[in-house]
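The structure appears right after this line, and notes come after that.
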Amino acid sequence: MLSRTFARRAVSHIETLLAHAGVKPTSHSPGLSPTIDPSTTFLREADGSYASGHIYSRISNPSRSTLEEAIASLEVAGSSSSSTIPPPTASAFSSGLAAASAIMMAHSPNCHVVLPDDCYHGVPAQLIDVMENLGVSWTPCDMTNISEVTDCIETSLARGEKTMLWLESPSNPLCKVSDIRELSKLAKGIGGDSVVVVVDSTWAPPTITQPLLLGADCVLHSATKYMGGHSDVLCGVVITGGGEVGTKLGESVRSVQTLIGAVPSPFDCFLVLRGLRSMHVRVERSCDNAMELARYLVSHPKVSAVHYPGLPTHPQHEIAGRQMVRYGGMLSFEVEGGRERAMDVAAGADLVKRATSLGGTETLIEHRASVEPEDRIISPEGLLRVSVGIERAEDIIRDFEVMLDRV
Ligand code: PLP
């Protein structure tokens with residue numbers, strides 16, 4: 001009989017880690033699916049200690065810890081330096097925006113966030129309505145303009161603020177790509193450890209981009225999107241690097257997680273873990289389909305612009321080629337005729353579903369200007385955002401053909 005006591009063999013390929021995410025069978029719990037532990041409280045030993053390491057579920061829970069460990073390992077998986085650099089840590093939250101708020105709260109007060117001028121609209125909304133009251137100020141900035149970024153960082157540092165450079169790549173919904181390596185180097189060159197670099201990498205999950213390996217201190221994902229992958233769970237994660245800045249921020253984020261308590265339920269953690277196990281193949285297929293759809297839309301006479309980093313005409317195509325393994329499953333395009341025409345196009349969707357959110361198996365279309373706050377619309381009026389799903393590309397394209405023909 002084969003001995004089962006051989007040493008565990010190290011695995012570093014991200015696809016392999018994903019396929020086994022959260023699975024830790026033991027002789028006591030031999031299941032090959034991650035366990036859901038709904039307990040809110042855990043047994044103390046006779047001496048008062050907690051042998052399991054868990055006390056109360058707002059502080060930590062076995063299902064959440066499993067998810068956090070799995071996600072932390074993905075951000076450096078496959079790198080030749082992953083065994084020599086200090087490992088990252090992750091904290092999971094009940095949504096992407098709860099995770100974003102934890103990063104800002106962890107750095108407040110007297111914190112200044114230099115934010116992309118075309119950032120996902122929920123982040124500036126949160127800054128205005130909540131964070132400004134907690135001592136967090138912010139400046140919108142064009143992250144493709146190095147002198148503007150330099151100026152924003154220097155001005156903030158000169159005011160004596162704790163400065164945070166917040167990147168989002170690709171950006172929602174204009175698909176602008178920020179050069180994470182160059183901008184991290186710039187920020188650290190200006191302010192050293194006084195500038196914290198955060199990347200919202202929701203649109204580029206770790207099989208596509210690993211910002212910590214490009215010099216960022218912290219990564220945010222709305223796990224509601226590609227990680228969950230089935231449009232059935234809200235979750236957010238913050239991953240901080242093992243360096244000094246990342247470790248300090250990670251500890252503060254963990255403290256906010258415990259004290260504010262915006263944590264995902266054990267079942268939500270299970271759903272995200274289940275999503276992770278197939279994420280690499282889903283993302284791969286979405287990227288293939290997005291490339292085909294982008295090529296189709298570019299040649300359509302009623303389409304005036306297509307924003308997709310995989311197109312050679314995209315202004316940051318070359319940067320995307322360097323920092324993204326694939327060009328992503330998100331794109332946006334503009335139709336001639338403004339809001340009314342764009343709304344008409346979306347109204348003709350059939351297989352493609354007209355709904356917000358992204359990163360699920362199904363293709364979604366949304367008119368963005370109509371969901372953005374009226375005083376801060378960043379999308380052109382004729383812009384439609386598409387989350388490209390994992391259907392057959394020809395079926396997706398057929399739906400777009402009909403949508404565009406009928407207007
Ligand atoms: N970041 C980005 C780039 C997003 O697109 C979203 C949501 O669409 C969020 C953060 C917020 O995530 P959640 O909806 O899980 O709070």
Side-chain angles (χ1 to χ4, degrees), residues 67 71 90-105 113 115-127 129-131 138 140 143 164 166-178 180 198-206 208-209 211 216 218-239 253 256-257 260 262-265 268-269 271-272 275-276 283 286 290 307 309 324 328-332 353 355-360 362 364-373 376 378-379 383-388:
L67 174 67
I71 290 181
S91 301
F93 292 84
S94 51
S95 72
L97 272 185
S101 71
I103 299 171
M104 294 183 202
M105 277 191 248
V113 187
L115 201 71
D117 56 5
D118 65 332
C119 188
Y120 160 61
H121 68 83
V123 175
Q126 183 179 82
L127 277 157
D129 286 356
V130 185
M131 292 299 151
W138 61 289
M143 295 299 170
M164 183 175 274
W166 187 283
L167 307 176
E168 184 183 298
S169 189
S171 67
N172 180 358
L174 294 174
C175 292
K176 277 204 224 167
V177 176
S178 301
I180 299 170
V198 177
V199 180
D200 182 341
S201 201
T202 297
W203 282 29
I208 293 187
T209 301
C218 176
V219 184
L220 161 72
H221 289 281
S222 165
T224 312
K225 311 297 176 348
Y226 288 103
M227 291 186 170
H230 296 77
S231 309
D232 56 9
V233 58
L234 276 178
C235 185
V237 277
V238 176
I239 306 100
V253 167
V256 172
Q257 183 198 41
I260 300 287
V263 290
S265 74
D268 290 348
C269 295
L271 284 176
V272 177
L276 284 176
V283 168
S286 287
H307 309 283
M324 301 176 78
M330 294 298 298
L331 62 82
S332 55
K353 296 294 174 275
T356 198
S357 201
L358 59 109
E362 66 286 302
L364 302 180
I365 188 164
E366 181 171 56
H367 181 256
R368 286 303 285 179
S370 56
V371 296
E372 291 164 358
R376 275 179 298 107
I378 48 173
S379 301
L383 181 134
L384 290 159
R385 187 188 77 177
V386 185
S387 168
V388 187

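Each ligand, and each atom within it, is numbered from 1 in the order the structure gives. By convention here, the first residue in the shown sequence is residue 1. The analysis underlying the following values was restricted to heavy atoms, covering all of them including side chains, and did not include hydrogens, waters or symmetry mates.
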**Message:** Could you identify the single nearest non-hydrogen protein atom to atom 16 (O) of ligand 1 and state the distance to 0.1 Å?
**Reply:** L97 N, 2.8 Å
**Request:** Considering heavy atoms of the protein only, find what lies nearest to atom 5 (O) of ligand 1 and give residue, atom and distance to 0.1 Å.
**Result:** N172 ND2, 3.0 Å
**Prompt:** Do T224 and ligand 1 have an N or O pair less than 3.5 Å apart?
**Reply:** yes
**Prompt:** Any donor and acceptor pair, going by atom type alone, linking the side chain of Q257 with main-chain N or O of A92 inside 3.5 Å?
**Reply:** yes
**Prompt:** Which residue and non-hydrogen atom of the protein lie closest to atom 9 (C) of ligand 1, and at what distance in Å?
**Reply:** Y120 CE2, 3.3 Å
What pairs of donor and acceptor atoms, side-chain ones from residues 226-237 against any protein atom, are under 3.5 angstrom apart with sequence neighbours left out?
unit_1 : atom_1 : unit_2 : atom_2 : d
H230   : ND1    : G228   : O      : 3.0
S231   : OG     : E362   : OE2    : 2.8

**Request:** May I ask you to list the atoms of ligand 1 that are less than 4.0 angstrom from any heavy atom of D200?
**Result:** 1 (N), 2 (C), 3 (C), 10 (C)
**Request:** Give the residue and atom name of whichever protein heavy atom lies nearest to atom 13 (P) of ligand 1, and the separation in Å to one decimal.
**Result:** G96 N, 3.4 Å
**Message:** Keeping T202 on the side-chain end and S222 on the backbone end, is there a donor-acceptor pair under 3.5 Å?
**Reply:** yes
**Prompt:** Going by heavy atoms, is K225 under 4.0 Å from ligand 1?
**Reply:** yes
**Message:** Looking at S169 and S178, would you say the former's side chain and the latter's main chain have a donor-acceptor pair under 3.5 Å?
**Reply:** yes
**Prompt:** For K225, what residues pass the salt bridge (Lys or Arg N to Asp or Glu O under 4.0 Å) criterion, not counting sequence neighbours?
**Reply:** none
**Request:** Within a distance under 4.0 Å of any heavy atom of W203, pick out the atoms of ligand 1 and give their elements.
**Result:** 5 (O)
**Complete:** For atom 12 (O) of ligand 1, the closest protein heavy atom turns out to be S222 OG, 3.0 Å
**Message:** Whether the side chain of S171 engages the backbone of C119 through a donor-acceptor N/O pair (distance < 3.5 Å, no angle test) should be reported.
**Reply:** no
**Prompt:** So, does E168 use its side chain to make a donor-acceptor pair with the main chain of P116 at under 3.5 Å?
**Reply:** no
**Item:** Ligand-residue contact atoms, ligand 1 with S95, heavy atoms, under 4.0 Å
**Value:** 15 (O), 16 (O)
